[in-house]
Trainee: 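Mind having a look at this structure? Questions to follow.
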Amino acid sequence: MSHRLVLLGMPGAGKGTQAARLSEELNIPAISTGDIFRANVKGQTELGREAQKYMDAGNLVPDSVTNAMVRDRLGQPDAAAGFLLDGYPRNPAQVTELDDILQDLGVALTGVIEITADTEAVVPRLLKRAEIEGRADDDETAIRRRLEVYEEQTAPLTDIYSQRGVLVSVDGIGEIDDVTQRLLTALKNLS
Ligand code: ADP
């Protein structure tokens, strides 16, 4: 069966790590809006220039920019047989836009997986990642802001998808392999 999935979870919950593993396991592209933005910043594209100041401050890039980018990406041939979205949607307006994009493509989400974690666990992870990867938005002020934005704008999405009956939650605390196994089990229960 084809999987069309959304991965939810606070910054540092492990979405990127797990998305890469699920992508390989399920043979679908992992589409990370954060990665696409970072590639554009690095490549100094117009999109990158537009996004950078929001990202560096830990704020969301405006919906007009993000939505157009996701619409374009989901329309590409490799997403036709399924996809895993990491980092989108991130606010209720993006949920509506994603509904619209998928309707236009004639498909629907097969599931939304929330990777749960708590602030105490993720802040040290993010600070450690900052040392290793040197991401501009992994300084303490931006991390705090990203967590605030998550609470205010993204956390309500679990209610929206839960009401639709497509949400499963998986504990993101523990060994990376264990979390992957939990995710694969949760996916089997979804289908
Ligand atoms: P994290 O989840 O660790 O904060 P991401 O790589 O998912 O990291 O996102 C990094 C930044 O990219 C966000 O803080 C935001 O500025 C921007 N971004 C990513 N996805 C979106 C989105 N769906 N809408 C708006 N901005 C986004």
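Numbers here are sequence positions counted from 1. Atoms within each ligand, like the ligands themselves, are counted from 1 in listed order.
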Trainee: So, Ser23 side chain and Pro29 main chain: donor-acceptor pair closer than 3.5 Å or not?
Mentor: no
Trainee: When rounded to the nearest 0.5 angstrom, what distance separates CG in Asn189 from CG in Leu184?
Mentor: 11.0 Å
Trainee: In this structure, does ligand 1 have an atom that sits under 4.0 Å from one of the heavy atoms of Gln153?
Mentor: no
Trainee: Can you tell me which residue and heavy atom of the protein come closest to atom 23 (N) of ligand 1, and the distance to 0.1 Å?
Mentor: Gly87 O, 2.8 Å
Trainee: Which atoms of ligand 1 sit under 4.0 Å from any heavy atom of Lys15?
Mentor: 2 (O)
Trainee: Using a strict cut-off of 4.0 Å, indicate which atoms of ligand 1 neighbour a heavy atom of Arg129.
Mentor: 3 (O)
Trainee: Less than 3.5 Å between some nitrogen or oxygen of Ser32 and one of ligand 1, yes or no?
Mentor: no
Trainee: Counting N and O atoms only, with roles assigned by atom type, does the side chain of Asn40 sit under 3.5 Å from a partner on the main chain of Ile36, one being a donor and the other an acceptor?
Mentor: yes
Trainee: Students should be able to answer this: which protein heavy-atom is nearest to atom 24 (N) of ligand 1, and at what distance?
Mentor: Gln94 NE2, 2.9 Å
Trainee: Step by step, work out the side-chain hydrogen bond (donor to acceptor under 3.5 Å, both in side chains) result for Asp177 and Gln181.
Mentor: CA-CA 6 Å; Asp177 283 342; Gln181 284 314 312; over 6 Å; no
Trainee: Would you say Ile173 and Thr116 make side-chain contact, with heavy atoms under 4.5 Å?
Mentor: no
Trainee: What I want to find out is whether Arg21 reaches Glu24 closely enough, with some N-O distance under 4.0 Å, to be called a salt bridge.
Mentor: no
Trainee: I'd like to know if the side chain of Arg146 reaches the main chain of Asp137, judged simply by a donor and an acceptor atom lying under 3.5 Å from each other, with no hydrogens or angles considered.
Mentor: yes
Trainee: Could you pull out, from Leu7, Val61, Asn59, the option with a heavy atom nearest to atom 25 (C) of ligand 1?
Mentor: Val61
Trainee: Would you say the side-chain atoms of Glu50 pair up with the backbone N or O of Thr45, donor to acceptor, closer than 3.5 Å?
Mentor: no
Trainee: Judging by distance only, is a nitrogen or oxygen of Arg135 under 3.5 angstrom from one on ligand 1?
Mentor: yes
Trainee: Any N or O on Tyr88 sitting closer than 3.5 Å to an N or O of ligand 1?
Mentor: no
Trainee: Can you list the ligand 1 atoms lying under 4.0 Å from a non-hydrogen atom of Thr33?
Mentor: 19 (C), 20 (N), 21 (C), 23 (N)
Trainee: For atom 4 (O) of ligand 1, find the nearest protein heavy atom and state the residue, atom name and distance (0.1 Å precision).
Mentor: Arg146 NE, 2.8 Å
Trainee: Suppose I only count heavy atoms of Asp137 and a 4.0 Å limit; which atoms of ligand 1 are within that range?
Mentor: 10 (C)
Trainee: Between Arg182 and Val170 (side chain of the first, backbone of the second, donor and acceptor by atom type, cut-off under 3.5 Å), is there such a pair?
Mentor: no
Trainee: Just distances here: any N/O of Phe37 and N/O of ligand 1 closer than 3.5 Å?
Mentor: no
Trainee: Going by the order shown, which atoms of ligand 1 are within less than 4.0 Å of some heavy atom of Arg38?
Mentor: 6 (O), 10 (C)
Trainee: Write out the residue and atom name of the closest protein heavy atom to atom 12 (O) of ligand 1, then the distance separating them to 0.1 Å.
Mentor: Met55 CE, 3.7 Å
Trainee: Tell me which protein heavy atom sits closest to atom 2 (O) of ligand 1, plus the residue, atom name and distance to 0.1 Å.
Mentor: Arg90 NH2, 3.0 Å
Trainee: Would you check if Val6 and Val166 make a side-chain contact, meaning some heavy-atom pair closer than 4.5 Å?
Mentor: no
Trainee: Return the CD1 to CG distance between Ile160 and Leu157, rounded to the nearest 0.5 Å.
Mentor: 4.5 Å
Trainee: For ligand 1, indicate whether the residue Met10 contacts it via side chain, backbone, both or neither (heavy-atom separation under 4.0 Å).
Mentor: neither
